[in-house]
Amino acid sequence: MSEWSGRWVAQQLGVVLSGTGDGVQVSELVGLALRRNPRRAHLLVSRVLGKHVPTDPRLVRAAGLLLGELVAAELGGAAAPDCAAGLRAALANDPGASRALRDKALARKASGSDVCVLGYAETATGLGHLVAEAVDAEVYLHSTRRDPLGAYQFGGFAEEHSHATEHRLLPLHAGMLSGSGPLVLVDDELSTGRTVRNTLAMVHQLAPRRRYVVAALIDLRSAEDEAELQTLAQELGAEISVVSLARGQVLVPEDALVRGAQLVAEHSRPRGASEPAEHSGAHRVALDWPADLPDGGRHGVLRVHRARLEAALPGMARQLAAQLPLDDDATLLVLGTEELMHAPLRLAEALADQLDTRGIAVRTSTTS
């Protein structure tokens, strides 16, 4: 099965992804897509996040766990393992390499930390779950654009470049974010770091800590952006550090917006012009999801919840596989919705492990 590389848009727009360091490069982790936006012609799309592009769930989990290992190393002062070669092999559409990378990361997981992890801005909600798992955080919470009736609102922040800027933190109670240990903020991409700074300022005002770590798959900040984050650290009287799987820059030519608008016009279909897809019918499966187990981190996930999910996943995957009309060598997509990224990912991963022997390729992605 061919995999999306993200190179076509970069070539058409003349955008260059450059990297720094000897490890995995930014251009290996992300590709470019077009967007209908008067301010920016391109969208960076991760190849290891399982958001916009269907991805091997074991690669997604491995990348998240590796990012968590960088966090653990940063907090513990130890050197993180060099996993660039294994990650490159997995990115080459090798299911065995993805499985091996995932299994090695699982074997190195920390245990019993006092870290609290916060994932935010929808795209990183699933990634935050994985970082929390890698460091064995007591609490994981992710932000939400939702505003459910009666929910306790701890605070909120603005994602100023987004189409939907307002994000809320809705823990079950204030104590979830009021510990004394380090707080880890997880995002898929750091472009300028402005959203991170907004979030840190808000959280520190409500529940100050001495140590913060920002974790992202890719870090594209300029030297000026880095200086602004350290200025904030001085203002807060706290230590703030950043870890990422890759660092680099996005070099955009001056005429990229014009080229992008032309490409969008050339490749857009008139509304209503697409034909409805044919399908063989829908099958509803009443999955035996454990009672009182959160299906996401909107109101918080505790260490005990992760243990319950691990115990329940193999049985739920067998239940699903038994009711799916799948031929050998088929492709199966497990599709989540918006911020509900982690539960579909883990179900897809469990299905992939069980269906490997039949040659069935399992992929996961999420609507946006």
Side-chain angles (χ1 to χ4, degrees), residues 2-21 24-55 91 120-125 127 143 145 157-167 187-199 214 216-229 242 244-274 338-339 341 365-368:
S2 62
E3 298 286 336
W4 174 83
S5 70
R7 296 191 186 98
W8 184 83
V9 171
Q11 293 166 352
Q12 297 297 313
L13 296 183
V15 174
V16 176
L17 299 173
S18 67
T20 59
V24 66
Q25 298 294 297
V26 169
S27 57
E28 297 176 277
L29 293 180
V30 300
L32 264 65
L34 283 175
R35 65 191 306 172
R36 291 184 177 91
N37 189 309
R39 292 177 296 177
R40 186 181 294 177
H42 65 277
L43 175 70
L44 289 175
V45 177
S46 174
R47 297 180 61 208
V48 298
L49 192 62
K51 181 62 177 175
H52 305 289
V53 178
T55 310
L91 284 164
Y120 56 97
E122 182 182 298
T123 309
T125 55
L127 181 63
S143 67
R145 293 185 175 105
F157 62 91
E159 187 187 16
E160 296 174 20
H161 64 276
S162 176
H163 65 282
T165 60
E166 297 302 316
H167 294 265
D187 202 356
D188 61 310
E189 166 200 329
L190 286 179
S191 51
T192 65
R194 182 177 297 174
T195 304
V196 163
R197 296 195 298 272
N198 289 341
T199 310
V214 179
L217 293 174
I218 59 172
D219 183 356
L220 305 173
R221 293 173 303 148
S222 67
E224 291 77 12
D225 295 327
E226 295 179 25
E228 287 196 30
L229 184 61
V242 178
S244 63
L245 293 186
R247 295 193 63 186
Q249 292 180 310
V250 180
L251 307 176
V252 183
E254 293 183 1
D255 63 346
L257 274 175
V258 175
R259 290 199 216 179
Q262 291 172 345
L263 286 173
V264 168
E266 291 171 8
H267 295 276
S268 295
R269 292 181 178 180
R271 291 185 181 274
S274 59
E338 299 179 359
E339 67 187 38
M341 296 183 67
S365 63
T366 312
T367 63
S368 178

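All values derive from a computational prediction rather than experimental measurement.
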If you round to the nearest 0.5 Å, how far is [atom2] of [Y] from [atom1] of [X]?
| X | Y | atom1 | atom2 | result |
| --- | --- | --- | --- | --- |
| Leu127 | Met341 | CG | CE | 8.0 Å |
| Leu43 | Arg36 | CG | CZ | 13.0 Å |
| Thr123 | Asp187 | OG1 | CG | 7.5 Å |
| Leu32 | Gln12 | CG | CD | 11.5 Å |

Identify, with sequence neighbours excluded, every residue that meets side-chain contact (heavy atoms from CB on, under 4.5 Å) alongside [X].
| X | answer |
| --- | --- |
| Val252 | Val15, His42, Val250, Ala256 |
| Glu28 | Val24, Gln25, Arg88, Leu91 |
| Glu338 | Glu122, Arg146, Thr367 |
| Ala216 | Leu190 |

(request) Go through the steps for Leu263 and Val9 under the test side-chain contact (heavy atoms from CB on, under 4.5 Å), then give the verdict. (result) CA-CA 9 Å; Leu263 286 173; Val9 171; 5.6 Å; no
(message) Measuring only between side-chain heavy atoms, which start at C-beta, is Leu220 closer than 4.5 Å to Ile218?
(response) yes
Shortest non-hydrogen separation from [X] to [Y] and the atoms involved:
| X | Y | result |
| --- | --- | --- |
| Pro253 | Leu13 | CG-O, 3.1 Å |
| Ser365 | Lys51 | CB-O, 3.3 Å |
| Gly260 | Ala41 | CA-CB, 3.9 Å |
| Leu245 | Leu29 | CB-CD1, 3.9 Å |

Those residues that, when tested against [X], pass salt bridge (Lys or Arg N to Asp or Glu O under 4.0 Å) (two or more places apart):
| X | answer |
| --- | --- |
| Asp188 | none |
| Glu189 | none |
| Arg259 | Asp255 |

(request) Give the intermediate values and the outcome of side-chain contact (heavy atoms from CB on, under 4.5 Å) for residues Asp219 and Val242. (result) CA-CA 9 Å; Asp219 183 356; Val242 178; 3.7 Å; yes
(request) With side chain to side chain donor-acceptor pair (under 3.5 Å) as the test, would you mind laying out the steps for Asp225 and Ser222 before giving the verdict? (result) CA-CA 5 Å; Asp225 295 327; Ser222 67; 3.0 Å; yes
Can you list everything that forms a side chain to side chain donor-acceptor pair (under 3.5 Å) with [X]? Sequence neighbours excluded, please.
| X | value |
| --- | --- |
| Glu226 | Arg247 |
| Ser18 | none |
| Glu228 | Arg197 |
| Glu254 | none |

(request) Evaluate side-chain contact (heavy atoms from CB on, under 4.5 Å) for Arg221 paired with Leu229, printing each intermediate quantity in order. (result) CA-CA 10 Å; Arg221 293 173 303 148; Leu229 184 61; 3.6 Å; yes
(request) Report the C-alpha separation of Thr55 and Leu49 in whole Å, then their side-chain angles, then the decisive distance to 0.1 Å, and conclude whether the side-chain contact (heavy atoms from CB on, under 4.5 Å) test is met. (result) CA-CA 8 Å; Thr55 310; Leu49 192 62; over 6 Å; no
(request) Keeping the roles fixed (side chain from Thr125, backbone from Glu339), state whether a donor-acceptor pair exists under 3.5 Å. (result) yes
